[in-house]
Peer 1: 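Pasting a structure here, questions to come.
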Amino acid sequence: QVQLVESGGGLVQAGGSLRLSCAASGIIFRRNAMGWYRQAPGKQREWVATITSITSDFNTNYADSVKGRFTISRDNAKNTVYLQMNSLKPEDTAVYYCNAREDYSTSPAYWGQGTQVTVSS
């Protein structure tokens, strides 16, 4: 049973910070690239950040909209991926989803249930 559980969302003023967490179970964590996506009402789900698996040395990548403000990291001993969000803007308001994709897997990627982030102006 694969499970991804996000936490850490909430209401914050513009310029503030939040740290999201995603706890994974049922996967070999180090073999999975982990990512964060977000979806605002009426908009498509968009990619935010990725940290790759051990095969790619846990390299990080970011969407241009969050580069320099957000940091993705992982604690392989805890099977948890984090998203540190600083200098938040109202346009960051969305439901944030955790994603896991195993290297060379033929199975679909896995998703968490999402956590709401609301940034007030």
Peer 1: Of all residues at least two apart in sequence or in a different chain, which pass the side chain to side chain donor-acceptor pair (under 3.5 Å) check with Thr50?
Peer 2: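 So Thr50 forms a side chain to side chain donor-acceptor pair (under 3.5 Å) with Trp47.
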Peer 1: Quick one: does Gln113's side chain get under 4.5 Å of Tyr97's, heavy atoms only?
Peer 2: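 They are not in contact (no side-chain heavy atoms under 4.5 Å apart), so the answer is no.
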Peer 1: State, yes or no, whether a side-chain contact exists between Trp111 and Cys98 at a heavy-atom distance under 4.5 Å.
Peer 2: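 No - every pair of side-chain heavy atoms lies 4.5 Å or more apart.
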Peer 1: Could you tell me which non-hydrogen atom of Asn99 sits nearest to which non-hydrogen atom of Ala109, and how far apart they are?
Peer 2: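 For Asn99 and Ala109, the tightest heavy-atom pair comes out as ND2-CB, 3.5 Å.
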Peer 1: Determine whether Val66 and Val95 fall in the same hydrophobic cluster, where Ile, Leu, Val, Met, Phe, Trp and Tyr are linked whenever their side-chain heavy atoms lie under 4.5 Å apart.
Peer 2: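 Different hydrophobic clusters.
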Peer 1: Taking the six-membered ring of Tyr82, is NZ or CZ of Arg19 closer than 6.0 Å to its centre and within 45° of its axis?
Peer 2: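 Positive - Arg19 is close enough to the ring of Tyr82 and near enough to its axis.
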Peer 1: Less than 4.5 Å apart, side chain to side chain, heavy atoms only: is that true for Glu6 and Trp36?
Peer 2: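 Glu6 vs Trp36: side chains touch.
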Peer 1: So, taking the atom named CZ in Arg30 and the one named CD1 in Ile27, what distance separates them when rounded to the nearest 0.5 Å?
Peer 2: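 Those atoms lie 11.5 Å apart.
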Peer 1: Distance from Asn79 atom CG to Gln3 atom CD, nearest 0.5 Å?
Peer 2: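 So the CG of Asn79 and the CD of Gln3 are separated by 12.5 Å.
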Peer 1: Any chance you could lay out the side-chain contact (heavy atoms from CB on, under 4.5 Å) test for Ser107 and Glu102, step after step, and finish with the verdict?
Peer 2: CA-CA 8 Å; Ser107 300; Glu102 187 174 6; over 6 Å; no
Peer 1: Rounded at 0.5 Å granularity, tell me how far CD in Gln1 sits from OG in Ser25.
Peer 2: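 Those atoms lie 8.0 Å apart.
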Peer 1: Report yes or no: is the cationic atom of Arg101 (NZ for Lys, CZ for Arg) under 6.0 Å from the centre of the six-membered ring of Tyr110, at an angle within 45° of the ring normal?
Peer 2: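 No; the conditions do not both hold, so Arg101 does not lie above the ring face of Tyr110.
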Peer 1: Would you compute the distance between atom OG1 of Thr118 and atom CG of Leu18 and round it to the nearest 0.5 angstrom?
Peer 2: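 Atom-to-atom, Thr118:OG1 and Leu18:CG are 9.5 Å apart.
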Peer 1: Test your reading of the model: is there a side-chain donor-acceptor pair from Thr115 to the backbone of Gly9, 3.5 Å cut-off?
Peer 2: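 Pair found, side chain donor or acceptor close to backbone of Gly9.
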Peer 1: Looking at CD of Gln84 and OG of Ser17, how far apart are the two atoms once the value is rounded to the nearest 0.5 Å?
Peer 2: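 Answer rounded to 0.5 Å: 6.0 Å.
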Peer 1: When hydrophobic residues are tied together by side-chain contacts of less than 4.5 Å, even through go-betweens, does Ile28 share a cluster with Phe58?
Peer 2: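 In one cluster with Ile28: Phe58, no.
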Peer 1: Give the minimum heavy-atom separation between Leu4 and Ala100, together with the two atoms involved.
Peer 2: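 Shortest heavy-atom contact: CD1-N, 3.9 Å.
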Peer 1: Taking the basic N atoms (NZ, or NE/NH1/NH2) and the acidic carboxylate oxygens, is any pair closer than 4.0 Å for Lys67 and Asp64?
Peer 2: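 Counted as a salt bridge, because a side-chain N and a carboxylate O are separated by less than 4.0 Å.
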Peer 1: With a 4.5 Å cut-off on side-chain heavy atoms, are Arg38 and Ser65 touching?
Peer 2: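 Touching, per the 4.5 Å side-chain cut-off.
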Peer 1: Under 4.5 Å between any side-chain heavy atoms of Ile72 and Val81, yes or no?
Peer 2: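 The answer is yes, as the side chains (C-beta and beyond) meet within the 4.5 Å cut-off.
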Peer 1: By the definition side-chain hydrogen bond (donor to acceptor under 3.5 Å, both in side chains), identify the one residue from Thr52, Asn32, Thr55 that meets it with Asp103.
Peer 2: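 Only match with Asp103 under side-chain hydrogen bond (donor to acceptor under 3.5 Å, both in side chains): Thr55.
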Peer 1: Could you walk me through whether Phe29 and Thr80 pass side-chain contact (heavy atoms from CB on, under 4.5 Å), step by step?
Peer 2: CA-CA 8 Å; Phe29 188 72; Thr80 300; 5.6 Å; no
Peer 1: Within the distance-only criterion (no hydrogens, no angle test), does the side chain of Thr93 pair as donor or acceptor with the backbone N or O of Pro90 below 3.5 angstrom?
Peer 2: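 Yes, because the side chain of Thr93 sits within donor-acceptor range (under 3.5 Å) of the backbone of Pro90.
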Peer 1: Keeping Asp57 on the side-chain end and Asn59 on the backbone end, is there a donor-acceptor pair under 3.5 Å?
Peer 2: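 Here the side-chain-to-backbone pair does not exist.
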Peer 1: Look at the side-chain heavy atoms of Ile, Leu, Val, Met, Phe, Trp and Tyr, link any pair under 4.5 Å apart, and say whether Phe70 and Ile51 land in one connected group.
Peer 2: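 Hydrophobic grouping puts Phe70 with Ile51.
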Peer 1: If you round to the nearest 0.5 Å, how far is OG of Ser53 from CZ of Arg74?
Peer 2: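 Interatomic distance, Arg74 CZ to Ser53 OG, rounded to 0.5 Å: 7.0 Å.
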Peer 1: Could you tell me whether the side chain of Leu20 reaches within less than 4.5 Å of the side chain of Met85, counting heavy atoms only?
Peer 2: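 Yes; the side chains approach each other to less than 4.5 Å.
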